S.K.: 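I'd like to ask some things about the structure below.
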Amino acid sequence: MSEFESEFERGLFALRQEKLDAIAALGQQRYPNQYRATHTIPQLRQAFDPLTAEQLNGTPEQPAPRIEVSIAGRIMAIRAQGKAGFATLQQNGQRLQIYVRQDAVGEDGYALYKLLDMGDHIGVSGYLFRTRTGELTIHVEKLTFLSKAMLAMPEKYHGLADVELRYRQRYVDLFANLDSREVFVKRARILRAIRSFFDARDYLEVETPMMQPIAGGAAARPFATHHNALDMDLYLRIAPELYLKRLVVGGLDRVYEINRNFRNEGISTQHNPEFTMLEFYQAYANYHDLMDLTEQLIAQVAKEVNGTTVVEFNGHTIDLANWQRLTMREAVLRACPQAQQATGRQLYELFEQHVEHTLIQPTIIYDYPTEVSPLSKAKPDDPEHVERFEFFIGGFEVGNAFSELNDPVEQRRRFQDQLAAREAGDDEAHQMDEDYVRALSYGLPPTGGEGIGIDRLTMLLTGSRSIRDVILFPLLRRQDKSAQDEGGATA
RNA sequence: GAGCUCGUAGCUCAGUCGGUAGAGCAACGCACUUUUAAUGCGUGGGUCCUGGGUUCGAUUCCCAGCGAGCUCACCA
């Protein structure tokens, strides 16, 4: 580390370096390469939290047999009192207290203890007991130094509160704010629950290109890049949709993909330029089947992750097992009764403007205007509308699904309409994908497909108001000090 | 992209109706062998985001910039 934020940090770093020398002088390695513990802290707590003080400590007349254990962790609190002291170690989001006294660890051992700082990693072995306030504690017999914190920990009571620092230095946020850690643990559980849901239904998990010559499958502006050896312009994908349907043509009747999409658009509490999308396709299913599947999926994931389908979000209590279904027309007319004569696109705009943010409880909105749905199959009795639905929870869209358009002639016509829109200035209109039309020409069975925003689902299931709270490293402007100075000089 | 708000010690925050700043934690020293936001005594630590303007004097007022948060727009 060559740059410091301040003289304070430079001084602290140098001081910690001296402490490392002193620790090495006591016979410890500065950066040992392993430590064998008998338990992780969560394992140990689970096993021994139930034991009472009497079971652990025994009585003065009859001491209990000692339970010898060893653990490793980061020091999150340390208190010395002369020739003894307590410290709290943290590992995997849980904490355990240790008690170190000179007559138990020896003079060198206690000298090492006095050289420890908040944030250091250590390993300890000893026996379990409960203090007189009842806290499960390791009575340390041997201290092993593992790694030094060369920089200051955040304030121990408030943690790291600065939102920007929490995003930029997530490594600090994660160990300093256990709530933050918990969000990402839950996110992993959400992904696991989704995978087991689809695996149990005979879906195949697949991966399709992130770099695509034509960015298709959604209306959005892509990021552009270039492959040098092939001298080929490529786009980061805005959706996997067209590739997944090619797979269904290929006979993979049920596929799903959980992966990143990239859209070169604005950033907000609900938008990050890269975000994680679940897309799944099921041959021989239509959008009504997907509505049922969606309700099952969301409720089951909630139950597996939170143990309940009820979540608190943004001041609302939401039951993810209690859904309503409305056609888009019904939903709009409820809010805007004067919109009887509105065209499809107008209806859609009214919906986005007046209805979407009011849909707090889980709601499926179905039957979309054809002109805003270039990849969806029309309703058999009504070519103005397509078999498409989106679902909304907490006031925003979480998923989008439809019966897939599988008529290559009609698909080509829709693409051409989009091209016309593009030429008229709509740079988010879909591009022509000849190979996709060719794939359809080989015969796509009737298929239902759906995309679900994993980040937004995670927001709902963790009560996070901002998408940045559920993405480990959200995109922020770079902090360039020289650029800052140049910028300042222009005035 | 637009509007509003914010930027003070490593962290969490006060404060200055314009006279170059404080607390707690963290750090350093001393005391303390069952503490747990340990305690007591003492010490050090700041380009008050950056640059300009107004002023005798700016961290404070004004302008511009940088970064962030919220709202809106675009979108999922």
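Note that the coordinates shown come from a computational prediction; the quantities given were computed from them, not determined experimentally. Chain letters run A, B, ... following the sequence lines, proteins first, then strands; residues in each count from 1.
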S.K.: Go through rA76(B), rG69(B), rU33(B) for me and flag the one nearest to the Arg263(A) side chain.
M.R.: rA76(B)

S.K.: Taking atom C1' in both rA2(B) and rG15(B), what distance in whole Å separates the two?
M.R.: 33 Å

S.K.: Check this one for me: any side-chain N or O of Arg168(A) less than 4.0 Å away from OP1 or OP2 of rA68(B)?
M.R.: yes

S.K.: Quick one: the side chain of Asp162(A) and the base of rU12(B), do they pair up donor-acceptor inside 3.5 Å?
M.R.: no

S.K.: Would you mind classifying the nucleic acid contact of Glu7(A) as base, sugar-phosphate or nothing, using non-hydrogen atoms under 4.0 angstrom?
M.R.: nothing

S.K.: Does a side-chain N or O from Arg465(A) land closer than 4.0 Å to OP1 or OP2 of rC70(B), or not?
M.R.: no

S.K.: I want to check one thing: is the phosphate of rC70(B), taken as OP1 and OP2, less than 4.0 Å away from some side-chain N or O of Arg468(A)?
M.R.: yes

S.K.: Any side-chain N or O of Thr131(A) less than 4.0 Å from the OP1 or OP2 oxygen of rU35(B)?
M.R.: no

S.K.: May I ask you to verify if any side-chain N or O of Lys156(A) is less than 4.0 angstrom from the OP1 or OP2 atom of rA26(B)?
M.R.: yes

S.K.: Stacking check: are the rings of Phe275(A) and rA76(B) less than 5.5 Å apart at their centres and under 30 degrees in tilt?
M.R.: yes

S.K.: Determine: side-chain N/O of Arg79(A) to OP1/OP2 of rU39(B), distance under 4.0 Å, yes or no.
M.R.: no

S.K.: Does Lys19(A) put a side-chain nitrogen or oxygen below 4.0 Å from OP1 or OP2 of rC28(B)?
M.R.: yes

S.K.: Using the P atoms only, state how far rG57(B) lies from rG52(B), rounded to an integer number of Å.
M.R.: 15 Å

S.K.: Determine whether any donor atom in the side chain of Gln97(A) lies under 3.5 Å from an acceptor atom in the base of rU35(B), or the reverse, and answer yes or no.
M.R.: yes

S.K.: Confirm from the modelled atom types if Arg101(A) and rU33(B) form a donor-acceptor pair under 3.5 Å, side chain to base only.
M.R.: yes

